[in-house]
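Written below as structure tokens is the structure these notes are about.
Quick caveat: nothing in here was measured; it's all calculated off a predicted structure. Read the numbers this way: they start at 1 and go in the same order the structure lists the ligands and their atoms. In what follows, every heavy atom counts, from backbone to side chain, and hydrogens, waters and symmetry copies are set aside.
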Amino acid sequence: LRRLRAPRAAPPQPPAPRASRPVRVDHFVDHYRLMSADSDFRFSEEFEELKHVGREQPCSAADLPVNRPKNRFTNILPYDHSRFKLQPVDDEEGSDYINANYVPGHNSPREFIVTQGPLHCTRDDFWRMCWESGTRAIVMLTRCVEKGREKCDRYWPYDTRPVYYGDIAVTALNESRYPDWTVTELLAARGAEQRVLHHLHFTTWPDFGVPEPPTALARFVRAFRERCPPDHRPVVVHCSAGVGRSGTFITLDRALQQLAAHAEYIDIFGMVYSMRRERVWMVQTEQQYICIHQCLVAVLEGQDLQPPA
Ligand SMILES: CCc1ccc(NS(=O)(=O)O)cc1
């Protein structure tokens with residue numbers, strides 16, 4: 001009789017959140033108004049649905065004792081399956097490790113390499129990652145020091161003298177300063193090879209917060225794409241932990257490219273869902289999630305993104 005008994009049914013699991021919530025572009029402004037009504041009640045509900053996405057995935061490399069000092073925050077660790085792997089150095093344990101993940105963009109599933117703000121002890125690894133990935137653009141979304149706390153090591157030269165990071169010599173060729181960001185052309189040389197990289201540094205984005213006004217971020221994304229059109233090479237993006245501000249920037253870049261391509265739908269929820277499968281906490285706060293929507297509303301309403309005179 002025992003053999004005849006039906007196998008025990010698995011205990012009921014909470015339904016997994018849908019992975020996408022597309023919104024018609026021609027309904028997006030009305031959608032924003034509905035979601036933000038009653039003190040952003042529906043935005044809160046929707047953002048909460050993302051809470052557990054990706055969290056079951058292992059971070060075993062990050063947890064190795066030899067790699068623990070390479071993590072700026074003990075609770076912001078790269079998932080094994082999407083982490084960027086440095087070329088191992090001899091048989092040195094942990095020499096392939098950096099706190100960084102590939103993250104999808106509008107143009108490819110591994111368009112971005114998202115990483116923490118380099119530590120002093122990892123900035124040579126950071127430059128090895130930049131060189132080995134072939135990137136030609138670094139997007140920085142934090143200041144090195146904020147409210148007296150170090151958020152990122154100064155990993156590029158202060159002046160035009162070359163600085164060595166491991167065996168990579170970096171020289172600042174020129175710098176252009178704007179109210180909310182600074183663009184620097186960096187020459188990186190390794191052996192006989194030289195490359196020019198764009199370093200785009202957004203300087204007015206408070207940690208855990210949003211740019212003020214939010215449209216400053218849309219202007220920065222546009223300035224980034226004017227200098228760095230899609231080129232099949234990954235773009236390195238970082239803030240301090242490499243999750244909140246980095247995820248917000250990438251989501252807006254994806255959405256603005258979809259609008260430019262005259263997409264019929266925009267799926268912010270689905271973009272953040274897909275990014276969180278690759279790196280933890282991408283778009284960290286509800287306000288950052290709402291800021292993305294506010295930027296798109298401004299663009300759709302044809303608001304001139306230029307800063308006030
Ligand atoms: C507590 C770890 C942590 C620190 C800072 C941030 N913000 S950031 O990802 O925008 O740099 C996110 C998480």
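Ligand 1 has an N or O atom lying under 3.5 Å from an N or O atom of S240, backbone or side chain. Where the criterion is an N or O separation shorter than 3.5 Å, residue side chain and backbone included, S246 fails it with respect to ligand 1.
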Solution key, residues 130-140 side-chain donor-acceptor pairs under 3.5 Å, sequence neighbours excluded:
unit_1 : atom_1 : unit_2 : atom_2 : d
E132   : OE1    : Q87    : N      : 2.8
E132   : OE2    : R128   : NH1    : 3.3
S133   : OG     : M129   : O      : 2.9
S133   : OG     : C130   : O      : 3.1
S133   : OG     : T135   : N      : 3.3
T135   : OG1    : A137   : N      : 3.2
T135   : OG1    : A137   : O      : 2.9
T135   : OG1    : P234   : O      : 2.7
R136   : NH1    : G134   : O      : 2.8

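Between the side chains of N71 and Y97, at least one donor N or O lies within less than 3.5 Å of an accepting N or O. Y273 and E49 share no donor-acceptor pair across their side chains, judged by distance under 3.5 Å alone.
Contact check on R72 versus E150 returns a salt bridge, with a Lys/Arg side-chain nitrogen under 4.0 Å from an Asp/Glu carboxylate oxygen. Look at E175 and R177 and you find a salt bridge, because one of the NZ, NE, NH1 or NH2 atoms lies within 4.0 Å of a carboxylate O, short of that distance.
Within the 4.0 Å heavy-atom criterion, the part of Q284 lying near ligand 1 is the side chain and not the backbone. With a 4.0 Å heavy-atom cut-off, ligand 1 is reached by no atom of W281.
Among R245, H238, R149, the residue whose heavy atom lies nearest to atom 10 (O) of ligand 1 is R245.
Checked against the 6.0 Å centroid criterion, the rings of H199 and W181 do not qualify as a close aromatic pair. Ring centroids of H198 and F224 are separated by 6.0 Å or more, keeping the two rings apart.
Close contacts between ligand 1 and C239 involve ligand atoms 8 (S), 9 (O), 10 (O), 11 (O) [criterion: under 4.0 Å to a heavy atom]. Those atoms of ligand 1 with a heavy atom of G242 less than 4.0 angstrom away are 9 (O). Of all atoms in ligand 1, numbered sequentially from 1 with element shown, those under 4.0 Å from a heavy atom of V243 are 9 (O), 12 (C).
Of the protein's non-hydrogen atoms, A241 CB, 3.6 Å is the one closest to atom 3 (C) of ligand 1. For atom 9 (O) of ligand 1, the closest non-hydrogen atom of the protein is G244 N, 2.8 Å. Among protein heavy atoms, atom 7 (N) of ligand 1 sits closest to D207 OD1, 2.7 Å.
Applying the side chain to side chain contact (heavy atoms under 4.5 Å, CB included) rule to E212 yields the partners P214; only residues at least two apart in sequence or on another chain are considered.
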